[in-house]
Each structure stands twice: as C-alpha cells, then as structure tokens.
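On a predicted model such as this, the values are computed, not experimentally measured, just so you know. In what follows, chains are A, B, ... by sequence order, proteins preceding strands, each numbered from 1.
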Number of protein chains: 2
Amino acid sequence: MKKGQVTIRDIALKLDISISTVSRALRNSPEIKLETRKKVLRTAEEMNYSPNVVAQSLRVNKTKTLGIVVPELASHFFAANISGIQDTAYKRGYNVMICQSNENYEQEKSDIRTLISSRVDGLLISLSRETKQYEHLTNLYEKEIPFVLFDRIYEELPVTTVTVNDTQGAYQATKHLIGQGCKRIAFMSGPEGLYICKKRLDGYEKALREVGIEVDPQLIAHSDLTERSNRSLTEDLLKLKSRPDAIFALNDPVAVDVMKVLKEKGIKIPGEMALVGFTNMPFSDALDPSLTTVDQPAYEMGKLAANNLLDQLIDPEGFQPRTIVLETELVMRKSSQKK
Amino acid sequence: MKKGQVTIRDIALKLDISISTVSRALRNSPEIKLETRKKVLRTAEEMNYSPNVVAQSLRVNKTKTLGIVVPELASHFFAANISGIQDTAYKRGYNVMICQSNENYEQEKSDIRTLISSRVDGLLISLSRETKQYEHLTNLYEKEIPFVLFDRIYEELPVTTVTVNDTQGAYQATKHLIGQGCKRIAFMSGPEGLYICKKRLDGYEKALREVGIEVDPQLIAHSDLTERSNRSLTEDLLKLKSRPDAIFALNDPVAVDVMKVLKEKGIKIPGEMALVGFTNMPFSDALDPSLTTVDQPAYEMGKLAANNLLDQLIDPEGFQPRTIVLETELVMRKSSQKK
DNA sequence: CTGTTAGCGCATTCAC
DNA sequence: GTGAATGCGCTAACAG
C-alpha cells in the first residue's frame with residue numbers, strides 16, 4: 001500500500017470544499033448539487049483517486065469480502081467451485097479471500113480464525129477430510145457469522161448447504177454397471193467419515209439391494225485418497241478369490257489411479273473390469289478408455305453457494321437456511337460399456 | 001462481520017486497565033509486565049477476542065494481504081500457482097485476495113483497480129491472453145505499488161518476473177522429436193502476442209535450425225486456445241500435402257485436443273504422428289498414449305513469486321527486481337517415443 | 001511499566 | 001446543499 005494515495009481530504013483541499021461534500025458526491029448522494037458532484041468526480045478522476053476500502057470497511061463495519069476455505073486449491077473440482085464463487089461475488093461487488101486447509105483440521109480452524117480477523121462478511125466452507133469435530137462451525141453459528149457449506153458439508157447445523165445429490169449419482173453409476181451385466185461391483189471409497197463417502201456409499205448400496213445383490217464388505221475399500229493408497233487397494237481387490245468385474249470409484253482422480261493399475265496388469269477395460277468415476281473432470285473424456293463418470297456441476301455449485309450467502313448478507317432478516325441439492329448426470333463413456 | 005465482536009476496549013474495561021496496555025500486551029510488547037500480559041491474554045481468550053485486522057490495517061497503512069490476478073482459476077496450472085502463493089503467504093502472515101480476468105483485458109484492469117482499492121500490499125499478476133497494452137502495469141509501477149509478474153509476463157518494466165525457461169523447454173521438446181527421427185515437426189501455438197508463445201516459438205525454431213531443418217510457416221499454427229480452434233487447426237495440419245510427422249503443442253490441454261483428433265482419424269501415436277505437450281498437468285501420464293511433455297513447476301513458481309514479493313514488501317530499500325527463470329524438464333513418455 | 005492523546009480515511013449525524 | 005464534528009478499532013508517540 002502506498003503512502004502517496006490520494007484521499008477525499010486531498011480532493012476537498014484542492015476544490016476548497018469540505019470533506020463531507022466530497023464523500024457525499026463520491027457516493028452519489030442525492031442532496032449534492034449536480035455541478036459540485038461533477039466537479040468532484042472529475043478531480044477525483046484527475047487525481048487518480050482510489051477509495052480506501054479499508055477505511056470504508058472500518059466505518060461501516062462491512063468489508064464486502066467473502067472468505068473461502070477449501071481443502072485444496074489445485075484440484076479441479078475446488079478450483080471450479082472457487083471460480084464460480086469469485087465470478088458471482090465480483091459481479092455483486094464483493095471480493096474473495098481464499099485459504100486452503102490442505103485437508104488438515106487444525107489448518108482449517110486457523111483459516112477460519114484468520115478470515116474472521118479479516119472481518120469477512122461471510123464464509124464459504126468445504127471441510128477437510130480430517131475434520132471430525134465441528135466446534136469451529138457451531139462457534140461461527142453462535143457468533144452469528146453467516147456461512148455456507150458446500151460439497152464437504154456438516155449437516156447438523158441450520159445453515160445453507162450446497163451439494164450434489166451424491167446418493168443419486170452413486171445410485172445411477174451403480175445401476176448403470178448392473179445394466180452392463182456386472183455382478184460384483186466394488187466401491188473404491190475414501191475416508192469413512194467424509195460426507196460424500198457416506199452419501200455415495202448409500203447410493204451404491206441402494207442400487208445393489210434393489211436388484212437383490214448382497215452388499216459384500218470385501219468390495220468396499222476406504223482409501224485415504226493418495227495415489228499410493230488408491231493403487232494398493234486396487235491391487236487388493238484384484239487379489240480377491242472372487243474378483244470384482246466392475247469398480248465404481250469415489251471420484252475421477254481415484255478412477256485414474258485404478259485405471260493405471262488395471263492397465264499395468266493388462267486387465268481389459270471395460271471387458272474384464274468396468275470402471276466408473278465421479279466428477280467429470282476435464283480430460284476424463286481423453287483417457288483411454290474414456291471414463292464413464294457422474295458429472296458434478298462445480299462452477300454452478302460455487303455460484304449457487306455464493307449467491308445464497310450474498311442474499312443472506314443483504315437481507316439477514318428474510319433469511320432462511322436452504323439445503324440445496326444439485327442433480328447429477330451420468331456421462332456414459334467407454335470405460336463401462338460392455339455392449 | 002458481526003456487531004458483537006469484542007474489542008480491546010472491552011478487554012480493557014473488564015480488566016480496568018487502559019486500552020493501550022491491552023494493545024501492547026496483545027502484541028507482546030516487551031515493556032509490559034509479564035503478569036499483566038498473561039492476564040490480558042487470558043481474558044482475550046475467554047472473551048473470544050479476535051483482533052480487527054481492518055482497524056489495524058487502517059492504522060498501520062498495511063493490510064498484510066496480497067492481490068492475485070490470473071487469467072483463469074479452473075486451470076490446473078494457475079490453480080497450482082495460486083496454491084504455492086497462498087501457502088507461502090499464509091506462512092509469512094499474509095492473506096491473499098484473488099481475482100480472475102477470464103482472459104479479458106478490461107476485466108484485468110478492473111481487477112487490479114479493485115485490489116488497489118482494497119489496499120493490498122502487493123500484487124502478483126499473470127496477464128490475460130488479450131492483454132496487448134500495458135498502461136495498467138506502468139501505472140502500478142509509477143505509483144510504486146509493488147508487484148511481481150509470473151508466467152504471462154511483460155518484460156519492459158524493471159519488476160520481478162518469474163517464468164520457466166520457455167525457450168529452453170520448447171527447445172528440449174523439439175530436439176527430442178528430432179532425435180526420434182521426426183522430419184516435419186509442427187508447432188501448435190497460441191495467440192501470437194502471448195509471451196509464452198513467442199518464447200516457445202523461439203526454442204522450437206532454434207532446435208530446427210540447429211540441425212539444418214528449415215522453419216516452415218505452414219507448420220506453425222496459432223490457436224485461440226479453444227477446443228474448437230485446436231481441433232480445426234489440427235485438421236488443417238493433417239490436410240497439408242506434406243503432412244507433419246510430429247506436433248509440438250503449446251501446452252497439455254492443446255495436446256489433448258490434438259490427440260483426440262488424431263485418434264478419431266485413426267492416426268497412430270507416436271507411429272504416424274509423435275506428440276509432445278507442455279506443462280505436465282495431472283493425468284497427462286494417464287492419457288493413452290501417455291503424453292510426453294515439458295514439466296513446469298507451477299507450485300514452485302507461485303512460491304517463488306510470493307516469496308520475492310514479500311521480501312520486497314519487508315525490505316523495500318534493499319529491493320532489486322529479479323528475473324527468475326526456472327528450468328524445465330522434459331518428461332519422456334509414450335506419445336513421442338518411436339523407438 | 002502504564003495511561004493519555006491523537007489520528008489512520010471515511011460515512012454520518014447534526015447544524016446551518 | 002454544505003460544513004463541522006464524531007467515531008469505527010487500533011497503534012504509536014508522548015508523558016509520567
């Protein structure tokens with residue numbers, strides 16, 4: 001921040017009028033003579049005036065910035081979320097401040113603390129995979145700091161949440177595999193506590209039960225989502241006496257790791273093993289075979305989350321928490337089509 | 001931002017001491033009695049005090065936040081850059097405020113204006129592909145607002161820049177293709193004005209000249225980087241009487257589009273057409289054939305850019321602009337190996 | 001070691 | 001329609 005920045009005081013001095021007049025003129029207050037306003041606007045322009053948002057924020061007790069906490073930035077899904085949030089916020093005159101928890105609970109708490117100190121007007125949060133306690137969220141709630149949860153949510157609080165219909169998506173995927181004639185469908189999941197894992201497991205089980213296939217715990221793997229873990233669990237699945245004929249992966253990155261192992265072992269996809277992912281990340285269509293997956297509208301999620309938070313900020317009284325669930329869509333490609 | 005936030009005044013009142021003592025205790029000023037400090041810290045904790053960074057910023061004329069302007073958030077390369085910046089900033093006590101220009105010059109200008117209004121202490125900027133004028137940058141420079149350019153840079157200003165050695169990377173890639181026996185190597189580039197396009201073209205040409213291959217303008221395509229453009233230009237290359245036997249793509253996303261067209265046409269990769277990308281994005285190794293590419297250390301770039309900006313902020317006198325060029329590394333995979 | 005005072009830049013009463 | 005005065009929460013002289 002430069003010291004030399006011009007202030008409304010400088011403008012007032014130059015025009016020999018009062019600070020308050022300048023302030024009013026700049027804010028297009030109706031009580032200012034058109035002439036004066038024009039004069040002020042012009043000299044502001046000339047002097048290259050740029051309002052000090054920090055001072056404004058202190059004065060009006062609002063920063064017009066949203067805080068974002070995501071597990072990770074360099075994941076396409078979250079990047080797309082943030083992109084949606086940022087575009088929306090910008091359009092409505094808000095800035096965004098971003099923190100990543102790096103999937104770490106302590107970091108997540110610290111991020112929230114930092115953003116609160118920065119007095120963001122509201123928060124958009126997607127939980128880390130380590131997060132199993134939620135005092136930091138109840139705390140926010142009690143302090144009446146507006147926040148919205150998205151994707152990796154916590155359900156026990158009356159706040160707005162935005163997710164995709166994870167259960168439905170997993171159901172569609174599993175149903176599709178069944179339709180392809182698969183009998184032993186494995187689910188390569190993530191950490192058991194994670195919201196999306198639970199929901200997707202529900203959908204997976206529902207689809208199986210519906211056609212009378214018993215859920216076999218051996219076919220459900222809980223990866224910690226590292227490539228190492230994804231790979232070794234895939235190998236474990238392959239070692240089963242009664243090997244699966246399909247794998248439904250928690251998300252596309254996991255599916256990619258599974259695919260790599262299958263290819264290395266010379267297992268034909270989808271012939272010997274059908275494969276379905278979740279997310280529809282870019283380039284999932286460029287894999288070979290192209291990856292069947294459940295499309296998750298990440299940008300749209302970010303947009304919705306931001307718009308709902310902003311609505312709440314603008315009209316706190318009229319606010320009612322919403323549970324927004326976006327529908328998913330199965331994108332059928334080659335990795336699962338046996339016919 | 002909640003009205004109910006406790007201030008140092010509240011703490012002072014409760015402890016019946018002065019505001020400044022509280023302030024000093026909180027900041028671990030050495031002139032405060034240990035006992036008082038402890039007392040203050042404890043009640044601050046009890047009262048759930050969170051310092052008002054806005055007020056601090058106004059007072060000290062520093063916000064401890066960095067502004068970031070990137071063309072796009074949902075691109076892995078920039079997301080990884082930002083991740084590096086964010087981690088680094090956070091470690092050194094800074095926040096980041098992020099804007100995306102969406103590859104639009106006007107938006108880029110507007111983003112910078114917004115961040116300046118927010119009084120960020122410094123900026124990290126990667127230019128949009130539309131940016132062909134640079135007054136907004138010279139303007140920043142004249143105002144003495146510290147900023148660093150990365151990846152998509154402008155060279156005519158004495159500011160710190162961080163890039164990879166684009167020329168060298170392109171040279172390595174082309175050299176490698178030549179080594180594989182390719183005789184007619186096409187370069188699928190992007191907008192001519194873009195820094196990285198110019199630099200990579202240099203490397204490409206250098207490698208060709210070195211072995212006495214004449215640069216054929218027909219083999220150099222300038223895509224606008226949309227899938228549509230990438231595809232149609234690929235098709236154009238295939239229609240040439242003297243068809244290329246290799247394509248070096250500006251980056252991995254372009255390479256993916258090229259690969260799709262080649263596969264659709266049944267052209268063997270690398271047999272009939274070798275292919276090399278640039279970036280080493282995630283999953284470029286999961287493509288089939290796996291993509292030979294030039295690795296670009298995006299996270300590292302962000303880290304370096306942030307650290308250099310922060311150094312400049314902390315010691316403005318001792319500051320000298322640096323031109324930081326990271327070395328690239330050719331990652332040889334299947335899409336280019338004929339032997 | 002601690003308290004008093006001033007002021008960062010701005011929006012907003014309250015006067016006139 | 002405009003100006004003077006006040007204070008947002010905090011830090012930093014200046015006193016003692």
query = Per the atom types in the model, does the base of C:dA11 pair as donor or acceptor with the side chain of A:Ser20 at under 3.5 Å?
reply =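 A donor-acceptor contact between them is absent.
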
query = Can you find an N or O donor on one side and an acceptor on the other, under 3.5 Å apart, linking the side chain of A:Arg24 with the base of D:dG3?
reply = yes

Whole-Å distance separating the [atom1] atom of [X] from the [atom2] atom of [N]:
X: B:Ile19; N: C:dT2; atom1: CD1; atom2: P; result: 16 Å
X: B:Asn61; N: D:dC10; atom1: CG; atom2: P; result: 18 Å
X: A:Leu58; N: C:dG9; atom1: CG; atom2: P; result: 12 Å
X: A:Asn52; N: C:dG9; atom1: CG; atom2: P; result: 7 Å
X: A:Lys64; N: C:dC10; atom1: NZ; atom2: C1'; result: 15 Å
X: A:Arg9; N: D:dT6; atom1: CZ; atom2: P; result: 17 Å
X: B:Arg59; N: D:dA12; atom1: CZ; atom2: C1'; result: 5 Å
X: B:Leu13; N: D:dG9; atom1: CG; atom2: P; result: 13 Å

ask   = B:Ala55 side chain: which of C:dA11, D:dA12, D:dC10 is closest?
value =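 Per side-chain heavy atoms of B:Ala55, the pick is D:dC10.
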
query = Between the side chains of B:Gln312 and B:Thr160, is a donor N or O closer than 3.5 angstrom to an acceptor N or O?
reply =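 Judged by distance alone, the side chains do not pair up.
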
query = Backbone N or O of B:Thr21 within a donor-acceptor pair of the B:Ser18 side chain at under 3.5 Å?
reply = yes

task = Indicate the ring-plane relationship of A:Tyr154 and A:Tyr134, choosing parallel, tilted or perpendicular according to the 30° and 60° boundaries.
result = parallel

Between [X] and [N], does any side-chain N or O lie under 4.0 Å from OP1 or OP2?
X: A:Thr21; N: D:dG3; answer: yes
X: B:Ser57; N: D:dC10; answer: no
X: B:Tyr49; N: D:dG9; answer: no
X: B:Arg27; N: D:dC10; answer: no
X: A:Thr7; N: C:dG9; answer: no
X: A:Ser23; N: C:dA11; answer: yes
X: B:Gln56; N: D:dG9; answer: no

query = Is it true that B:Glu103 and B:Arg152 have a side-chain N and a carboxylate O under 4.0 angstrom from each other?
reply =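 Salt bridge present between B:Glu103 and B:Arg152.
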
request  = Between A:Ile8 and B:Asp16, name the one whose nearest nucleotide on DNA chain C is closer to the 5' end.
outcome  =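 So the residue in question is B:Asp16.
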
ask   = Please walk me through it: do B:Glu106 and B:Lys109 pass salt bridge (charged side-chain N to carboxylate O under 4.0 Å, His left out)?
value = CA-CA 5 Å; B:Glu106 289 301 329; B:Lys109 284 203 293 188; 3.8 Å; yes

